[in-house]
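To start, the structure itself, in structure tokens.
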Amino acid sequence: MTNIKRGEFVEFEPNEFYYGEKPKLDKIIIRQAPSNSIVEALKAKKYDFVMSIPTDNYPSYKDVEGYEILGREQFSYTYIGFKLGKWDNDKGQVVYNPESKMANKSLRQAMAYAVDNQAVADKFYYGLRSSANSLIPPVLGEMHDGDLKGYTQDIDKANKLLDEAGYKKKDGEEFRRDPKGEKLEIKFASMAGGETAQPLAEYYMNQWKEIGLDVKLTTGRLIDFNAFYDKLKNDDPEVDVYQGAWATSFNPSQTSLYGEKAAFNYTRFASEENSKLLDEMDSDKAFDNDYRVKVFKDWQKYASEEAFAIPTLFRNEVMPMSTRVKGFDWDIKKDNTAWASVEVTAESRK
């Protein structure tokens, strides 16, 4: 890095001690740009590529002249999480509450069956997301259980689960009560941002209403990013259910996200079986790849059955790249050395 202007740009020049062949570019300038003007900037041929671009408005830039749209699977997924306990700062661990509002597994499963994730992907994300079956995204290869059924929409099954678990309506009432016969109101936290946030939150609540559940937005509106995660971290009692997302690392271990001592375990779910499987996932025995793959699949089945977090969508990311750029490879395995072979074939963008 040879020049940095905070909030505006960073300039890079080749490292004279680079071990490989001499890079073909004299300089790379990475600029910060507001997302709401990036499409117009592409149309004006202002940039050679965009490192991160919202997919909410994909149709507005997918055919911009002079660019090719690159795509790849992301190390991320969206999910519906259920608050099932609290974080104990003194002990540094999750304290699961089997009496919490969302502790009934049938209630969580029913809410999962009420939603059509593939319809959400098709309607809101232009084919750039797909229905998720597991908390391990496909980009993690053999660790992902492609045979796991997961949750697909089945309204009849959702209603049956609730009926059998004792969530029933009283005559003349619109919504189900809890198994003790008390009124049940579920608070749903969802983040603001992008064009799809509001309609997507409304879709979820409408689907849950269809199976007789009274679900209302926490605070009565969508919540900005920082306030949203403050509420999750601090176990705000006004959050029963939330829509979140994770960007996972290259290491597929789930201990840091769903372990008993993981602060990021925002659902606050914990059990002996969950801890046992996560421990095995990272044990010495897991140096045997076949053993580790089996443990990963066992954990995915267990997590799906317990439904403490329901995966909803797997993601793809895109990158508009100028047609004058040559030699760029967006393969995840080559990301760290991709720039050495990059060059441009013309003085200006067309």
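Along the sequence shown, residues are numbered consecutively beginning with 1.
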Over 12 non-hydrogen atoms of neighbours within 6.0 angstrom of CG in Asp288: yes
Sidechain N-carboxylate O distance under 4.0 Å for Arg176, Asp163: yes
Aromatic plane relationship, Tyr204 with Trp208 - under 30° parallel, 30 to 60° tilted, over 60° perpendicular: parallel
Spatial distance of atom OG (Ser322) from atom NZ (Lys45) [nearest 0.5 Å]: 8.5 Å
From CD (Glu238) to CD1 (Ile223), nearest 0.5 Å: 10.0 Å
From CA spacing to verdict: side chain to side chain contact (heavy atoms under 4.5 Å, CB included), Ile38, Val50: CA-CA 8 Å; Ile38 196 65; Val50 181; 3.9 Å; yes
Shortest non-hydrogen separation from Pro14 to Leu25 and the atoms involved: CG-O, 3.3 Å
Minimum heavy-atom distance Asp240-Glu185, with the two atoms named: OD2-O, 3.8 Å
Near-ring test Phe264/Trp246, centroid separation under 6.0 angstrom: yes
Main-chain N/O of Leu313 paired to Arg129 side chain as donor or acceptor, under 3.5 Å: no
Stepwise side chain to side chain contact (heavy atoms under 4.5 Å, CB included) test for Lys187 and Asp236: CA-CA 11 Å; Lys187 294 294 184 69; Asp236 190 315; over 6 Å; no
Validation row: Tyr125, Thr196 side chains within 4.5 angstrom (heavy atoms): yes
Asp214 and Lys216 ion-paired at < 4.0 Å: yes
Ring pair (Phe, Tyr, Trp, His ring centres under 6.0 Å) evaluation trace for Phe314 with His144: CA-CA 12 Å; Phe314 292 136; His144 167 73; 5.7 Å; yes
Electrostatic pair Lys209-Glu174, nearest N-O below 4.0 angstrom: yes
More than 12 heavy atoms from other groups under 6.0 Å of NZ on Lys157: no
Separation of Ile29 CD1 from Glu8 CD (nearest 0.5 Å): 12.0 Å
Of Phe296, Trp299, Tyr291, the residue whose pairing with Glu280 passes side chain to side chain contact (heavy atoms under 4.5 Å, CB included): Tyr291
Candidate pair Trp330 and Phe49, rule side chain to side chain contact (heavy atoms under 4.5 Å, CB included), full reasoning: CA-CA 12 Å; Trp330 208 23; Phe49 70 101; over 6 Å; no
Connected via hydrophobic side-chain network under 4.5 Å: Phe175 and Leu217: no
NZ (Lys326) with more than 12 external heavy atoms under 6.0 Å: no
Gap between atom CG of Leu128 and atom CG of Asp122 - 0.5 Å precision: 11.0 Å
Greater than 12 external heavy atoms within 6.0 Å of Asp26's CG: no
Considering all heavy atoms, the nearest Ala41-Tyr47 contact: CB-CE1, 3.6 Å
Spacing of Thr248 atom OG1 and Phe75 atom CZ [to the nearest 0.5 Å]: 6.0 Å
ILVMFWY network linking Phe12 to Phe9, side-chain heavy atoms under 4.5 angstrom: no
Ion pair Lys105/Glu305, N-O distance below 4.0 Å: yes
Under 3.5 Å: donor-acceptor pair, side chain of Asp56, backbone of Glu195: yes
CA sep, side-chain torsions, deciding dist, call: Ser271, Tyr302, side chain to side chain donor-acceptor pair (under 3.5 Å): CA-CA 11 Å; Ser271 72; Tyr302 176 76; 2.6 Å; yes
Test salt bridge (charged side-chain N to carboxylate O under 4.0 Å, His left out) applied to Lys294 and Asp298, step by step: CA-CA 6 Å; Lys294 180 183 181 303; Asp298 288 344; 2.8 Å; yes
Heavy-atom pair with the smallest gap, counting every atom of Ala165 and Ser106: CB-CB, 3.8 Å
Phe328 vs Glu68, side chain to side chain contact (heavy atoms under 4.5 Å, CB included): CA-CA, chis, key distance, verdict: CA-CA 12 Å; Phe328 183 85; Glu68 179 181 359; over 6 Å; no
Salt bridge Lys27-Glu11, side-chain N to carboxylate O under 4.0 Å: yes
Aromatic plane relationship, Phe308 with Phe269 - under 30° parallel, 30 to 60° tilted, over 60° perpendicular: parallel
Approximate separation, where rounding is to 0.5 Å, of Leu84 CG and Arg268 CZ: 10.5 Å
Main-chain N/O of Met143 paired with Gln300 side-chain donor or acceptor, under 3.5 Å: yes
